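To start, the structure itself, in structure tokens.
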Amino acid sequence: MPHDIRSAWFKTLGQLALILALAVVVGLLVGQVWPIVTVAALGVVAWHYWRLRKVLLRLTARQRLEPAQGRGVWNELDRLLFRGQAEMRTRKRRLLDMLRAYRAAAAALPDAVVVVERNSQRVQWFNKAASSLLGLQYPADIGAPVGDRLQPLPMSHWLAAGRNAEPMLDAASPVDPDLRLNLRLIPYSDQYWLLVARDVSKMLRLEQMRRDFVANVSHELRTPLTVVHGYLDMLEPSEHPDWAPMLAEMQKQSQRMTQLVEDLLTLSRLEAQESLPDENVAMAPMLATLRREAEALSQRRHTIVVQDEAGVDLAGSNKELHSAFSNLVSNAVRYTPVGGTITVRFAREGDGAVLSVRDTGYGIPSSHLPRITERFYRVSTSRSRESGGTGLGLSIVKHVLNLHQARLDIESEVGQGSTFSVHFGPERVEPRLDASLPVLTDQTA
Ligand code: ADP
């Protein structure tokens with residue numbers, strides 16, 4: 001017990017004892033001990049009731065009452081209650097200030113923020129940007145079903161996915177279809193979800209400008225390059241023996257530039273496409289073409305193995321899938337020293353299928369793997385240039401595979417070789433049309 005309270009307690013007990021002792025003395029003097037003691041005791045009880053009433057009044061009072069000044073247990077209790085109340089008020093004020101600051105911050109965010117009640121899917125709160133980006137009106141839309149209010153956005157379908165809802169990356173705003181939004185659902189508690197919408201119109205416009213610029217530059221470069229290339233082809237090195245090495249280098253470089261422009265145009269075309277034709281991709285002829293291309297590039301410097309074990313075909317774009325596979329095969333040949341082996345294998349994988357290109361080449365250090373499919377990303381610039389690479393091959397592969405909902409896996413060990421595997425889902429697998437074709441295994445060049 002703290003010292004203050006103990007002394008107050010003793011003081012009150014002392015007063016009680018004193019009053020009772022005085023009552024006894026007065027009682028003895030007047031010869032009426034018990035009535036006087038009873039009156040004194042009743043007085044003490046009445047006084048305590050009066051103090052108790054004061055404490056209760058303080059607890060229920062709306063306005064602030066100053067604490068009692070004297071000593072004794074009731075005054076001590078009064079002071080403790082006063083202190084407790086003051087602390088509680090300060091804490092409440094601080095919490096309210098904090099809440100207001102958070103609300104002001106959320107309200108001032110340039111992104112639209114909507115708090116949605118999870119079970120009823122109704123709007124609980126939203127900030128200013130939600131009015132301009134999503135068209136929500138205050139106060140009419142508080143409590144409104146979010147799916148109805150944000151039509152034509154496919155909200156109900158999206159909200160049903162809950163925690164697994166993928167962000168909507170490029171959705172038209174319900175206010176203005178030219179306003180492009182990036183929508184995310186953040187389930188931040190069991191009861192509430194946060195819907196965040198960001199205006200990405202400017203970013204998408206810039207991205208479109210970048211794409212158009214690259215496509216236009218590539219297109220404009222194509223014609224002068226064809227002319228230069230054509231004239232270079234016409235020059236006969238035998239007529240100018242001194243120029244022969246220079247002519248050869250010029251031809252090599254103009255070819256590289258032409259390939260670069262072609263790859264850039266391919267990438268621009270792929271980026272502009274949302275889907276590709278859904279053709280039957282006959283894998284037996286595809287593998288035969290890949291083998292021919294690998295052999296032509298290798299010039300008998302490598303062993304080429306093709307294993308066709310799947311017995312199925314694929315659904316997708318013949319042209320683009322050929323371009324992706326052929327990029328992987330050409331990389332395998334270019335980054336494998338003489339004497340190495342390139343194995344192209346097409347096999348089933350569960351209900352899906354996998355095409356893998358394995359080489360016994362230089363390999364790729366694991367630190368480079370996360371960025372290897374970026375444009376112009378090279379592990380070794382000199383080796384890539386030497387081998388005639390543009391730095392765009394794997395970028396093209398990635399884009400083609402995205403358009404086929406396929407996944408690229410890369411396993412590699414430096415000095416041992418690499419395996420690039422393309423995994424196709426069951427929806428991309430089709431029965432082989434000409435089942436009479438033999439299944440080819442281990443065809444070695
Ligand atoms: P490049 O035209 O330079 O080959 P890519 O986009 O096709 O461009 O490949 C990017 C880089 O990845 C290459 O520069 C090379 O360093 C590395 N790479 C790709 N395939 C292989 C492979 N099979 N073995 C080793 N390195 C590879």
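Just so you know, these numbers come straight off a predicted model, no measurement behind them. Indexing begins at 1, ligand by ligand and atom by atom, following the structure's order. Note: hydrogens, waters and symmetry copies are ignored here, and every other heavy atom, side chains too, is used.
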Working for salt bridge (Lys or Arg N to Asp or Glu O under 4.0 Å), residues Glu309 and Arg348: CA-CA 7 Å; Glu309 298 167 3; Arg348 295 302 301 265; over 6 Å; no
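- Remark: minimum distance from atom 3 (O) of ligand 1 to any protein heavy atom is reached at Ser384 OG, 2.5 Å.
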Kindly determine whether Arg184 and Glu166 satisfy salt bridge (Lys or Arg N to Asp or Glu O under 4.0 Å), including the steps that lead there. CA-CA 7 Å; Arg184 270 165 193 283; Glu166 290 284 326; over 6 Å; no
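- Heavy atoms of Phe376 stay at 4.0 angstrom or farther from ligand 1.
- Aromatic ring orientation, Phe424 versus His404: perpendicular (interplanar angle above 60°, classes split at 30° and 60°).
- Here the CD atom belonging to Gln251 is positioned 5.0 Å from the CG atom belonging to Asp233, to the nearest 0.5 angstrom.
- Minimum interatomic distance between Val344 and Leu287 (heavy atoms only, all atoms of both residues): CG1-CD2, 3.9 Å.
- Residue contacts with ligand 1, taken as heavy atom pairs separated by less than 4.0 Å, involve Arg334 solely via side-chain atoms from C-beta onward.
- Here is the list of ligand 1 atoms found below 4.0 Å of a heavy atom in Arg378: 3 (O), 14 (O).
- Proximity of Leu394 to ligand 1, defined as any heavy-atom pair under 4.0 Å, is shared by backbone and side chain alike.
- Under 4.0 Å from ligand 1, the heavy atoms of Asp359 that appear belong solely to its side chain.
- Here the CG atom belonging to Asp178 is positioned 12.0 Å from the CG atom belonging to Leu204, to the nearest 0.5 angstrom.
- A distance of 5.0 Å separates CG of Asn280 from CD of Glu430, quoted to the nearest 0.5 Å.
- Using a 4.0 Å cut-off to heavy atoms of Gly391, the atoms of ligand 1 that qualify are 1 (P), 2 (O), 3 (O), 6 (O), 8 (O).
- Atom 21 (C) of ligand 1 has its closest protein heavy atom at Tyr335 CD1, 3.5 Å.
- Listed by atom number, the atoms of ligand 1 under 4.0 Å from Thr390 heavy atoms are 2 (O).
- Below 3.5 Å of separation, one finds an N or O of Val379 facing an N or O of ligand 1.
- Contact annotation: the side chain of Met98 never approaches that of Arg93 to less than 4.5 Å [non-hydrogen atoms, C-beta and beyond].
- In this structure, a donor-acceptor pair under 3.5 Å is present between the side chains of Glu117 and Ser120.
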Yes or no on salt bridge (Lys or Arg N to Asp or Glu O under 4.0 Å) for Glu76 and Arg79, after CA distance, side-chain angles and deciding distance? CA-CA 5 Å; Glu76 211 48 60; Arg79 270 196 293 275; 3.0 Å; yes
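- Looking only at protein heavy atoms, the nearest one to atom 26 (N) of ligand 1 is Ile364 CG1, 3.3 Å.
- Counting the atoms of ligand 1 from 1 in the order shown, those under 4.0 Å from a heavy atom of Gly389 are 1 (P), 2 (O).
- Of all the heavy atoms of Tyr362, none lies under 4.0 Å from any atom of ligand 1, so neither backbone nor side chain is involved.
- Scanning the protein heavy atoms around atom 11 (C) of ligand 1, the nearest turns out to be Tyr377 O, 3.6 Å.
- Of all protein heavy atoms, the one lying nearest to atom 19 (C) of ligand 1 is Asn331 ND2, 3.5 Å.
- Checked by distance only, ligand 1 and Gly393 come closer than 3.5 Å through their nitrogen or oxygen atoms.
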Just do the salt bridge (Lys or Arg N to Asp or Glu O under 4.0 Å) check on Asp97 and Arg100 with the steps written out, would you? CA-CA 5 Å; Asp97 285 350; Arg100 270 191 213 113; 3.5 Å; yes
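- Looking at atom 12 (O) of ligand 1, its nearest protein heavy atom turns out to be Ile372 CD1, 3.2 Å.
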